[in-house]
Amino acid sequence: MTDFQQQPQQQPYYPPRPPYDPTQPVTTEPGTTIWPAGGHVPPAVTPPAVTPPAPAPRHRAKRGVGLLAAVAIAAAAVGGGTATLVQQLTADSTRSATGVNGTTVSASSKGTVAGVAEAVSPSIVEISAATASGKSTGSGVIITGDGEIVTNNHVISGASSIKVQLSSGRTYDAKVVGTDPDKDLALIKLEGASGLKAATLGNSDDVKVGDEVVAIGSPEGLTGTVTSGIVSALDRDVTVAKDDGQDQRQQQQYDPRQGWPFEFGGQQFNGDTGSSKTTYKAIQTDASLNPGNSGGALINMNGEIIGINSAMYSPSSSNGSSAGSVGLGFAIPIDTVKADLDDLRSGGDN
């Protein structure tokens, strides 16, 4: 018989007590209280706040890096702003968010057709010249505040009276100061005018083919019409009548569509140029010019006058009327005008 060796009686295993007094509540998250099962429920009083133990530094660091990385990825997906978002998330919660410093943005009209038109239009006038054969309509450029105006000689040639209308609508009588038929230039002066806005005269020597330009005048009596284009060519030889051919039409009703006798390349356009004609070097432009633009301004994008519009190419139709602009206009260079001003002020060939 085998002896049975009695094993020592094992004691029951009791797990260690939790590191808190079971009679006291444990606060796990703000606003959540857990009581041990079967414990005594104390009277309804507000328990003292117990600050939960801080998590291990390693766990906190991983969470922070993950949060910042998530913020950076989200910010990049919407087009930037990562630094601003991270700064706001990590800033002291008691501080208000910092505002964004803005910069005002304004659009300048300088260098645009609208800007040039607004700046220069007050210096462009409409000229109506009464002659023995009818009425001639052209344009002019104010060059002094007291009313000196440059225009084409053929606009006022043979005029018995001249009236000038400003862009504001005000009308003045004017008299001829001097003319230079060889250059197709004239200087007139308003009577009793003062405080007018004079145009800025530029330098036509600086003009290059391809430069943008603006033309302002009164084509067909449409005051203050603005067109634009580029400089198509320089130093074109243009031949026009010195006196607009009116000596050949003394008994005829003046037709404004025939108002620019013009010869180019050995051919005559817009009526007979007559025996009295002149040739000069001109700036060619594709800005639309029509009868009535004559004497008006060709302007660069800085608002400076670079030429006085003087002629256009417009072949006549079989019935005798002339067509409109075909994109071949010509202007007297402003350097030619400036060189002639002293002679015009002294009477010129008047």
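Note that the structure is a prediction, hence the values are computed from the model and not measured.
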Peer 1: Can you pull the salt bridge (Lys or Arg N to Asp or Glu O under 4.0 Å) pairs that have at least one residue in residues 139-156, sequence neighbours excluded?
Peer 2: D146-K189, E148-R345
Peer 1: How long is the span from the CE atom in M301 to the OG atom in S228, to the nearest 0.5 Å?
Peer 2: 7.5 Å
Peer 1: Write down the atom of E118, the atom of P122, and the distance for their closest heavy-atom approach.
Peer 2: O-CD, 3.6 Å
Peer 1: Look at the side chain of D237 and the backbone N and O of K281, then say whether any donor-acceptor pair between them is shorter than 3.5 Å.
Peer 2: no
Peer 1: Taking S139's backbone N and O only, do any of them form a donor-acceptor pair with T151's side chain (distance below 3.5 Å, no angle check)?
Peer 2: yes
Peer 1: When you compare the side chain of M312 with that of P291, does any pair of heavy atoms fall below 4.5 Å?
Peer 2: yes
Peer 1: Hey, does N152 have a side-chain heavy atom less than 4.5 Å from the side chain of I332?
Peer 2: yes
Peer 1: Checking the side chain of S204 only, and the main-chain atoms of D335 only, is there a donor and an acceptor separated by less than 3.5 Å?
Peer 2: yes
Peer 1: Could you grab the distance from atom NZ of K183 to atom OG1 of T279, nearest 0.5 Å is fine?
Peer 2: 14.0 Å
Peer 1: What are the two closest non-hydrogen atoms of S310 and A331, and how far apart are they?
Peer 2: OG-CA, 4.0 Å
Peer 1: Does the pair D211 and N300 meet the rule for a side chain to side chain contact (heavy atoms under 4.5 Å, CB included), with working shown?
Peer 2: CA-CA 8 Å; D211 284 350; N300 65 20; over 6 Å; no
Peer 1: Could you check whether any side-chain heavy atom of K208 comes within less than 4.5 Å of a side-chain heavy atom of V231, counting everything from C-beta outward?
Peer 2: no
Peer 1: Under the side chain to side chain contact (heavy atoms under 4.5 Å, CB included) rule, what do T336 and Y280 come out as? Steps first, then yes or no, please.
Peer 2: CA-CA 10 Å; T336 300; Y280 54 80; over 6 Å; no
Peer 1: Can you tell me how far apart NZ (K163) and OG (S128) are? Round to the nearest 0.5 Å.
Peer 2: 9.5 Å
Peer 1: Would you compute the distance between atom CG of D206 and atom CD1 of I306 and round it to the nearest 0.5 angstrom?
Peer 2: 10.0 Å
Peer 1: Considering non-hydrogen atoms only, spot the tightest contact between G229 and D286 and give its length.
Peer 2: CA-OD1, 3.2 Å
Peer 1: If we check side chain to side chain contact (heavy atoms under 4.5 Å, CB included) with I142, which of these qualifies: V150, V164, I124, I149?
Peer 2: I149
Peer 1: For a 4.5 angstrom cut-off between non-hydrogen side-chain atoms, does N293 reach T225?
Peer 2: no
Peer 1: Report the C-alpha separation of I299 and E304 in whole Å, then their side-chain angles, then the decisive distance to 0.1 Å, and conclude whether the side chain to side chain contact (heavy atoms under 4.5 Å, CB included) test is met.
Peer 2: CA-CA 5 Å; I299 313 157; E304 300 168 334; 5.6 Å; no
Peer 1: Indicate yes or no: at least one non-hydrogen side-chain atom of V226 is less than 4.5 angstrom from one of V116.
Peer 2: no
Peer 1: Among side-chain atoms of N203 and K338, is any donor-acceptor pair under 3.5 angstrom?
Peer 2: yes
Peer 1: Dump the intermediate steps for side chain to side chain contact (heavy atoms under 4.5 Å, CB included) on I127 and I162, then the final yes or no.
Peer 2: CA-CA 7 Å; I127 300 174; I162 301 173; 3.8 Å; yes
Peer 1: Mind checking the CG-CD1 spacing from L344 to I188? Nearest 0.5 Å is all I need.
Peer 2: 12.0 Å
Peer 1: Nearest heavy-atom pair of S167 and S121: which atoms, and what distance?
Peer 2: CB-O, 3.6 Å
Peer 1: Going hydrophobic residue to hydrophobic residue with side-chain gaps under 4.5 angstrom, can you get from L289 over to V207?
Peer 2: no
Peer 1: For the side chain of S160 and the backbone of A130, is there at least one donor-acceptor N/O pair under 3.5 Å apart?
Peer 2: yes
Peer 1: Hey, is the main chain of D182 close enough, under 3.5 Å, to the side chain of T278 for a donor-acceptor pair?
Peer 2: yes
Peer 1: Is there a donor-acceptor pair under 3.5 Å between the side chain of S218 and the backbone N or O of G221?
Peer 2: no
Peer 1: How many angstroms lie between atom CD1 of I156 and atom OG1 of T131, to the nearest 0.5 angstrom?
Peer 2: 11.5 Å
Peer 1: Is the closest side-chain heavy-atom distance between L234 and I283 below 4.5 Å?
Peer 2: yes
Peer 1: Would you name the heavy atoms of V155 and A129 that are closest together and state the gap between them?
Peer 2: O-CB, 3.6 Å
Peer 1: So if I apply the side chain to side chain contact (heavy atoms under 4.5 Å, CB included) rule between L298 and each of V214, V213, I305, which one comes out positive?
Peer 2: V213
Peer 1: Between the main-chain N or O of H154 and the side-chain N or O of D184, is there a donor-acceptor pair closer than 3.5 Å?
Peer 2: yes
Peer 1: Where is the tightest heavy-atom contact between S232 and T285, given as atom of each residue plus distance?
Peer 2: OG-C, 3.6 Å
Peer 1: Verify, without hydrogens or angle tests, whether D180 (side chain) and L185 (backbone) share a donor-acceptor contact under 3.5 angstrom.
Peer 2: no
